[in-house]
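Please read the structure below before turning to the comments.
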Amino acid sequence: MAGELCVNRLSYLSYGHQDYAMPAFAAADGTELAYHVVGEGEPLLVLPGGPMRASAYLGDLGGLSSRRRLVMLDLRGTGDSGIPADPATYRVDRQVADVEAFREHLGLDRVDMLAHSAGGDLAILHAARHPRRIRTLTLITARARALGVDFTEEHRREGAALRTAEPWFKTAWDAYEAVRASSATDADWDAIAPFFYGRWDAAAQAHAAADVEQSNYGAADIYASDGAFAPATARDAIAALDARVLVLAGELDSGPLPRVAATVARLFPKAELAVQAGAGHFPWLDDPFRFSGTVETFLRG
């Protein structure tokens, strides 16, 4: 029924002596796509970033699940979703059909959608292709390559300069230089993780440590490959979007910097910008109460 979350097909995972139902649906090419439902209230469709990281890293978005029902999609080839027969379907523009099938599966005419990081490109492309299906769009520290806006090496350095007083800075910066020189080891990749968090505490360290097991790096290489974006076309479509949009940036994030996020916000007719103080790329970890309150206030209009 319209407006209700429904399950057409269920896959079952067994843990110990209990069985847990995992809702799933079939994409147009037959790939089984799983999603996870957390919380109560009006549904909020959530697209993860990474790119191609399982939705588990989002947790309950800083307690936002106490205000909204989070319906979090595992993109094809990630988390509990199936691996497609054709790896070319990992390209972000080809996953727009998955998002639309997700909406149809849930029986929702218009949706509130939230996307994080690289998931921003997917959400923007979906909104450009299906503008009448979007009621609100919330972009959290999101990329906007779909609109021709991206962060640069200079942006990364500008963001890093904000962290020079941190005790981990020297080690992280040296590792970042190794990454830039294409000579990074696994240890170097681990060492740059603090740049992505407002606070490099135990919660952030555990969150960063889960990245490898939650990510499909092969699919990530295809996600934004040649042909994925046509910025002029997407900008024309977005210029007519009637939906309200929230662009939320982290004060300490470099991808995107707050001023770059402001550029993205100006491309939408009905957008507002929020910059969360002290936050990095995962603002719901840095200040859960502020993050969930900002998003819910926007969704209430």
### Query
Below 4.5 Å, heavy atoms only, C-beta onward: do Arg235 and Val149 meet side chain to side chain?
yes
### Message
Is there a salt bridge (charged side-chain N to carboxylate O under 4.0 Å, His left out) between Glu104 and Arg133? Walk through the geometry before answering.
### Response
CA-CA 10 Å; Glu104 291 177 349; Arg133 298 303 185 184; over 6 Å; no
#### Entry: Cationic tip of Arg156 above Tyr176 ring, under 6.0 Å, 45° of axis
no
### Query
Regarding Arg76 and the six-membered ring of Tyr90, is the cationic atom NZ or CZ under 6.0 Å from the ring centre and inside 45° of its axis?
no
Looking only at the side chains, is there a donor atom on one of [X] and [Y] sitting less than 3.5 Å from an acceptor on the other?
X: Asp150; Y: His155; value: no
X: Arg143; Y: Ser117; value: no
X: Thr185; Y: Asp188; value: yes
X: Asn216; Y: Thr78; value: no
X: Asp93; Y: Tyr223; value: no

## Note on the structure
For Leu252, the side-chain contact (heavy atoms from CB on, under 4.5 Å) test, sequence neighbours excluded, returns Leu162, Arg163
### Task
Just jot down the side-chain contact (heavy atoms from CB on, under 4.5 Å) partners of Arg157, sequence neighbours excluded, or say none.
Glu153, Trp173, Glu177, Arg180
In this structure, would [X] and [Y] fall into the same cluster of hydrophobic residues linked by side-chain contacts under 4.5 Å?
X: Ile124; Y: Phe102; value: yes
X: Leu246; Y: Leu137; value: no
X: Met72; Y: Leu45; value: no
X: Val46; Y: Phe298; value: yes
X: Val99; Y: Leu70; value: no

Taking all non-hydrogen atoms of both residues into account, name the closest pair between [X] and [Y] and its distance.
X: Asp286; Y: Tyr197; answer: OD1-C, 4.0 Å
X: Tyr35; Y: Val71; answer: CD1-CG1, 3.6 Å
X: Ala175; Y: Ala191; answer: CB-CB, 3.6 Å
X: Val92; Y: Ala228; answer: CG1-CB, 3.8 Å
X: Trp200; Y: Ala193; answer: CH2-CB, 3.8 Å
X: Ser81; Y: Leu33; answer: OG-CA, 3.4 Å

### Task
Check whether any side-chain N or O of Thr89 sits under 3.5 Å from a backbone N or O of Asp86 as a donor-acceptor pair, and report yes or no.
yes
### Query
Does the Glu42 side chain pair with the main chain of Arg68, one donor and one acceptor, at a distance under 3.5 Å?
no
### Query
Yes or no on side chain to side chain contact (heavy atoms under 4.5 Å, CB included) for Phe229 and Leu125, after CA distance, side-chain angles and deciding distance?
CA-CA 9 Å; Phe229 305 121; Leu125 289 176; 4.3 Å; yes
### ring-ring contact (aromatic ring centres under 6.0 Å, His included) involving His116 - partner list, sequence neighbours excluded
Tyr57, His281, Phe282, Trp284
### Task
Quick one: do Leu139 and Leu248 satisfy side chain to side chain contact (heavy atoms under 4.5 Å, CB included)? Show the steps, please.
CA-CA 6 Å; Leu139 299 173; Leu248 190 151; over 6 Å; no
### Task
Let me see the working for Thr138 and Leu299 under side chain to side chain contact (heavy atoms under 4.5 Å, CB included), right down to the final yes or no.
CA-CA 9 Å; Thr138 302; Leu299 292 173; 4.0 Å; yes
### Query
Step by step, would you call Glu158 with Leu257 a side chain to side chain contact (heavy atoms under 4.5 Å, CB included)?
CA-CA 8 Å; Glu158 184 177 332; Leu257 292 167; 3.6 Å; yes
### Message
Could you walk me through whether Asp112 and Arg135 satisfy the salt bridge (charged side-chain N to carboxylate O under 4.0 Å, His left out) test, starting with their C-alpha distance in whole Å, then the side-chain angles of each, then the deciding distance to 0.1 Å, before giving a yes or no?
### Response
CA-CA 5 Å; Asp112 295 319; Arg135 182 165 57 193; 3.0 Å; yes
#### Entry: Ion pair Arg91/Asp226, N-O distance below 4.0 Å
no
### Query
Do other residues, nucleotides or ligands put more than 12 heavy atoms under 6.0 Å from the CH2 atom of Trp189?
no
